[in-house]
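Per chain, numbering begins at 1; letters A, B, ... match sequence-line order. Excluded from the calculations below are hydrogen atoms, water molecules and symmetry mates; all remaining heavy atoms, backbone and side chain alike, are included.
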Amino acid sequence: MDLAQRQRFFSTNLLAWYDVHKRDLPWRRNKNPYYIWISEIMLQQTRVDTVIPYWHRFIEKFPTIEALADAPEDEVLKAWEGLGYYSRARNLQSAVREVMETYGGIVPDTKPEISGLKGVGPYTAGAILSIAYNKPEPAVDGNVMRVLSRYFLIEEDIMKGSTRAYMESLIYQLIPEGRAGDFNQALMELGAMVCTPKSPHCLTCPVMEQCAGRLEGMEESLPVKTKAKPPRPEHRLAAVIAGTGERAGQFLIRRRPDTGLLARMWELPHVAAPEPGMAFAEGGEAAGEALRAGLAAEAGLDIQPLRWLMLAEHTFSHIHWNMGVYVCELAPGPDAAAAGAGDSGPPPGCAWVDAASWREYAFPNVFLRIVKEYLK
DNA sequence: AACTCGGGGGG
DNA sequence: CCCCCAGAGTT
């Protein structure tokens with residue numbers, strides 16, 4: 001069997017398998033380009049089971065492109081809370097506003113137009129064009145690269161851009177006439193359900209007979225992929241600043257900067273620990289003093305640590321936080337009034353919240369955990 | 001091409 | 001623990 005026959009075998013059998021075994025996912029129930037778009041952004045680096053409840057809540061809250069374009073950004077971030085990669089949410093809203101202004105509220109159906117939208121890269125452009133509009137464009141994600149690298153025994157490093165380009169050129173040859181959306185989804189479905197990263201389920205695979213990786217006994221060693229650098233450790237000290245007097249029962253939160261890590265999310269005030277060990281000190285005198293001095297210098301907050309609360313560890317893709325958390329109060333005296341203990345409001349960029357109202361703000365997961373522990 | 005950007009689930 | 005996930009933007 002030559003290459004052209006193996007390619008036909010692949011497309012035909014994969015599509016037949018998909019027609020029988022495809023999952024009933026909420027965004028597959030119709031071809032609404034907006035629904036598809038939301039699902040594809042959420043699914044970037046995120047598993048289907050995680051996305052499903054977020055997708056339902058998001059569509060309920062922002063049913064149309066217009067509704068999302070008109071929503072306050074804070075509400076969009078809140079709907080994204082816990083999903084991660086928060087720039088996806090901000091880019092998405094920027095993009096739907098562009099669709100309202102430039103394309104009359106209709107998701108464009110050409111590659112250059114849709115690729116110009118914020119947050120829509122080569123994968124997402126191909127996914128929306130093929131799934132919503134059935135255009136014969138490739139949508140190459142990690143699943144697709146794994147399946148193709150095994151079936152066609154491609155040993156190039158899938159982290160390289162040239163490998164992705166080769167996979168896309170291959171897809172153009174493989175898409176069956178008139179079934180681009182189903183074919184792309186079938187590839188990803190196979191990668192997610194059968195051709196999994198570890199111990200692929202070859203015995204139930206619809207294309208196993210002609211899979212070069214399987215025939216060579218290499219299904220477990222493909223795809224070839226350079227491994228990521230381990231996250232660098234960071235040691236930090238955080239403060240739950242409890243209100244006193246009129247502010248009893250409240251605590252202070254602040255908004256993160258407009259750019260960078262966790263941009264525009266809310267958090268508890270925290271500073272870098274001068275010594276790594278201070279993050280683990282569990283109430284050490286030096287750690288408490290470092291937290292006091294750090295918040296005074298960086299945030300103009302004059303606080304007094306009262307007790308150690310917890311060690312909060314959190315791993316991002318590239319950073320590992322070790323954060324020692326202290327319950328604090330604003331220090332008494334004239335500075336306290338300036339910092340918001342008196343009639344004046346909270347410091348700039350900060351807000352006083354209580355056990356109920358804090359849930360209205362969007363927090364990264366690590367701070368959700370800390371606040372829940374504090375309120376327990 | 002390398003780095004930044006979250007969080008969770010499976011083995 | 002490690003790997004990986006329906007990736008994109010920035011430099």
Side-chain angles (χ1 to χ4, degrees), chain A residues 22-23 25-28 36-55 77 80-92 94-95 114-132 137-147 157-165 167-168 171 181 183-193 195-201 220 223 225-232 256-257 259-265 267 313-321 362-369:
Chain A
K22 65 181 173 187
R23 288 171 289 180
L25 302 177
W27 47 88
R28 282 183 179 163
I36 308 288
W37 185 6
I38 301 303
S39 74
E40 291 302 338
I41 300 297
M42 288 186 171
L43 285 162
Q44 291 170 8
Q45 303 300 97
T46 311
R47 288 183 157 71
V48 166
D49 291 340
T50 304
V51 164
I52 289 174
Y54 279 93
W55 185 90
L77 280 178
W80 213 268
E81 181 186 68
L83 204 47
Y85 285 131
Y86 299 98
S87 65
R88 291 185 295 178
R90 295 186 290 109
N91 287 338
L92 173 60
S94 168
I114 201 163
S115 300
L117 299 173
K118 273 207 171 95
V120 179
Y123 163 75
T124 306
I128 297 173
L129 290 174
S130 63
I131 299 172
E137 293 292 338
V140 175
D141 70 344
N143 284 313
V144 173
M145 289 201 279
R146 184 171 58 256
V147 169
D157 186 343
I158 63 169
M159 296 299 281
K160 292 169 61 178
S162 56
T163 305
R164 163 195 281 281
M167 302 260 184
E168 288 179 347
I171 296 291
F183 178 73
N184 282 339
Q185 292 185 88
L187 269 171
M188 295 187 276
E189 193 85 344
L190 189 75
M193 306 305 292
C195 197
T196 49
K198 293 169 186 167
S199 58
H201 309 102
E220 302 230 23
K225 183 180 182 179
T226 60
K227 54 181 174 185
K229 276 191 345 187
R232 65 175 181 272
R256 291 182 60 85
T259 58
L261 183 68
L262 304 170
R264 293 186 218 175
M265 300 290 282
E267 66 176 2
E313 286 189 85
H314 190 71
T315 306
F316 304 93
S317 316
H318 54 307
I319 304 173
H320 180 84
W321 272 356
F363 290 89
N365 255 6
V366 59
F367 295 106
L368 289 175
R369 289 204 313 271

What about A/Thr46: does its side chain form a donor-acceptor pair under 3.5 Å with the base of B/dG6?
-> yes
NA contact type, [X], heavy-atom cut-off 4.0 Å: base, sugar-phosphate, or nothing?
| X | value |
| --- | --- |
| A/Leu187 | nothing |
| A/Lys160 | nothing |
| A/Thr124 | sugar-phosphate |
| A/Ser87 | nothing |
| A/Arg369 | nothing |
| A/Val144 | nothing |
| A/Gly82 | sugar-phosphate |
| A/Arg264 | nothing |

Is the backbone of A/Thr46 close enough, under 3.5 Å, to the side chain of A/Thr50 for a donor and an acceptor to pair up by distance?
-> no
Without swapping roles, check the side chain of A/Tyr123 against the backbone of A/Gly142 for a donor-acceptor pair under 3.5 Å.
-> no
d([atom1], [X]; [atom2], [N]) in whole Å:
| X | N | atom1 | atom2 | answer |
| --- | --- | --- | --- | --- |
| A/Glu189 | C/dA6 | CD | P | 10 Å |
| A/Lys227 | C/dC4 | NZ | C1' | 14 Å |
| A/Ile128 | C/dG7 | CD1 | C1' | 13 Å |
| A/Glu313 | B/dG7 | CD | P | 15 Å |
| A/Met42 | C/dA6 | CE | P | 16 Å |
| A/Met193 | B/dG9 | CE | P | 16 Å |
| A/Arg164 | C/dA6 | CZ | C1' | 11 Å |
| A/Leu43 | C/dC4 | CG | P | 19 Å |

Output all residues satisfying salt bridge (Lys or Arg N to Asp or Glu O under 4.0 Å) with A/Glu168, sequence neighbours left out; order by chain, then residue number.
-> A/Arg164
Roughly how far apart, to the nearest Å, are [N] and [M] at atom [atom1]?
| N | M | atom1 | answer |
| --- | --- | --- | --- |
| C/dA8 | B/dG9 | C1' | 23 Å |
| C/dA6 | B/dT4 | P | 24 Å |
| C/dC3 | B/dG6 | C1' | 16 Å |

[N] phosphate, OP1 or OP2: any side-chain N/O from [X] under 4.0 angstrom?
| X | N | result |
| --- | --- | --- |
| A/Asn184 | C/dA6 | no |
| A/His314 | B/dG7 | yes |
| A/His318 | B/dC5 | yes |
| A/Asn143 | C/dA6 | yes |
| A/Arg47 | B/dG10 | no |
| A/Tyr85 | C/dC5 | no |
| A/Gln45 | C/dG7 | yes |

Compute the centroid of each ring, for A/Trp321 and then for A/Phe316, and state whether the two points are separated by less than 6.0 Å.
-> yes
With nearest nucleotides of DNA chain B determined for A/Tyr86 and A/Lys198 from heavy-atom distances, which residue corresponds to the more 5′ nucleotide?
-> A/Tyr86
Sorted by position of nearest nucleotide on DNA chain B, 5' first, the leading residue of A/Thr315 and A/Arg232 is A/Arg232
When you check the gap from the basic side-chain N to the acidic O, do A/Arg256 and A/Glu267 get nearer than 4.0 Å?
-> yes
Ionic contact status for A/Arg28 with A/Glu189, cut-off 4.0 Å = yes
Using the closest heavy atom to pick a nucleotide of DNA chain C for each, name whichever of A/Glu40 or A/Lys118 lands nearer the 5' end.
-> A/Glu40
Nearest-neighbour nucleotide for the [X] side chain, [options] considered:
| X | options | answer |
| --- | --- | --- |
| A/Gln44 | C/dG9, C/dG7, C/dA6 | C/dG7 |
| A/Leu262 | B/dC3, B/dG6, C/dA6 | B/dG6 |
| A/Phe316 | B/dG7, B/dG9, C/dA6 | B/dG7 |

Any chance the side chains of A/Tyr85 and A/Ser317 put a donor and an acceptor closer than 3.5 Å?
-> yes
When you look at A/Glu220 and A/Lys198, which way does the salt bridge (charged side-chain N to carboxylate O under 4.0 Å, His left out) test go after all the steps?
-> CA-CA 6 Å; A/Glu220 302 230 23; A/Lys198 293 169 186 167; over 6 Å; no
Base partner of B/dG6, which must satisfy Watson-Crick or wobble distances under 3.5 Å | none
